[in-house]
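The sequence lines fix the lettering, A, B, ..., with proteins before strands; numbering per chain opens at 1.
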Amino acid sequence: MGIAVAVLLDFPNLNLKEYAVVNGVIDIPYIPGLLAFREAPLMIKAYERLRCEADLIVVDGHGVTHPREFGVASHVGLILNRPTIGVAKGLLYGDIVKGDDEVEYIIVNNKVGGLVYPHQGKKLYISIGHKISIKSLKAITPKLFKSHFLPEPTYIADAISKNFRRSRW
DNA sequence: GCGACAG
DNA sequence: ATCTTGTCGC
């Protein structure tokens with residue numbers, strides 16, 4: 001069994017409006033590159049529980065910066081037919097190349113798939129998931145943060161997940 | 001063959 | 001991811 005949390009935030013304030021916690025069976029083991037097959041179904045179930053049409057879905061993990069250019073963020077975006085981006089704490093696939101704008105981009109098969117986002121002394125790897133351009137990704141990324149290391153949607157979902165696990169034990 | 005390897 | 005003490009940096 002596993003759980004998934006989906007949160008709905010307003011923009012640009014990033015205040016929590018709604019959230020949903022779901023649980024279900026997770027039988028597939030974690031295999032790098034195949035994360036979506038393990039995590040996507042519950043994530044989708046949680047999102048659908050919100051009964052909303054989000055302008056952007058922020059997903060834990062990578063999007064096109066993936067060996068098959070199709071990480072969990074792309075997977076979720078395609079199924080839900082919504083724009084998605086992936087946010088990861090480590091690089092899975094791709095080459096880091098610094099652009100003329102001094103931003104480090106993640107290149108996959110000669111295409112720009114994402115960027116490295118330096119933040120609070122560390123780095124986050126932000127990638128295109130589905131239905132978003134690198135230009136929009138670059139523009140929206142700084143607007144997803146409040147005062148935490150993780151983007152606000154991720155931080156809030158994480159916090160709810162931890163509380164839920166604690167009260168449930 | 002060896003190393004690397006999102007969560 | 002999870003288990004866990006002390007330590008480092010802002």
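- Between A:Arg82 and A:Asp55 no salt bridge is recorded (no basic side-chain N to carboxylate O distance below 4.0 Å).
- Regarding A:Leu124, its CG atom lies at a distance of 15 Å from the C1' atom of B:dG7, rounded to whole Å.
- An aromatic stacking contact between A:Tyr30 and the base of C:dA1 is absent, as defined here by ring centres under 5.5 Å apart and ring planes under 30° from parallel.
- Checking A:Asn13 against A:Lys146 by side-chain atom types alone, no donor-acceptor pair falls below 3.5 Å.
- Taking the side chain of A:Lys89 as heavy atoms from C-beta on, and the options C:dT2, B:dG7, B:dA6, the nearest nucleotide is B:dG7.
- Cation-pi check for A:Lys122 over A:Phe149 is met; the charged atom lies under 6.0 angstrom from the ring centroid and within 45 degrees of its normal.
- Residues A:His62 and A:Ser127 form a side-chain contact, since some pair of their non-hydrogen atoms from C-beta on lies under 4.5 Å apart.
- Residue contacts for A:Leu34: at a heavy-atom cut-off of 4.0 Å it reaches a base atom on one of the strands shown.
- Straight-line distance from the CZ atom of A:Arg38 to the C1' atom of C:dA1: 8 Å, rounded to whole Å.
- As rounded to whole Å, 16 Å separates atom P of B:dA6 from atom CG of A:Leu150.
- Look at NZ on A:Lys123: it is 15 Å from P on C:dC10, rounded to the nearest Å.
- For the atom pair A:Ile156 CD1 and A:Tyr19 OH, the distance stands at 11.5 Å (nearest 0.5 Å).
- In this structure, the CZ atom of A:Phe149 is 17 Å from the P atom of C:dG9, given to the nearest Å.
- Here the side chains of A:Thr84 and A:Leu56 are not in contact, with every heavy-atom distance at 4.5 Å or above.
- Paired runs in DNA chain B never reach 3 or more consecutive Watson-Crick or G-U pairs with both distances under 3.5 Å.
- Across the protein-nucleic acid pair, A:Ile3 atom CD1 and C:dA1 atom C1' stand 13 Å apart, rounded to whole Å.
- Contacts of A:Gly71 with the nucleic acid, taken as non-hydrogen atoms under 4.0 Å apart, include base atoms.
- A:Gly33 comes within contact range of at least one nucleobase, with a heavy-atom separation under 4.0 Å.
- B:dG3 atom C1' lies 15 Å from atom CG of A:Leu91, rounded to whole Å.
- Here A:Glu104 pairs with A:Lys123 in a salt bridge; the nearest charged N to carboxylate O distance falls below 4.0 Å.
- Between the CE atom of A:Met43 and the P atom of C:dA1 there is a distance of 13 Å, given to the nearest Å.
- Residue A:Lys162 is the one, among A:Lys162 and A:Gly121, whose nearest nucleotide of DNA chain C lies closer to the 5' end (criterion: closest heavy atom).
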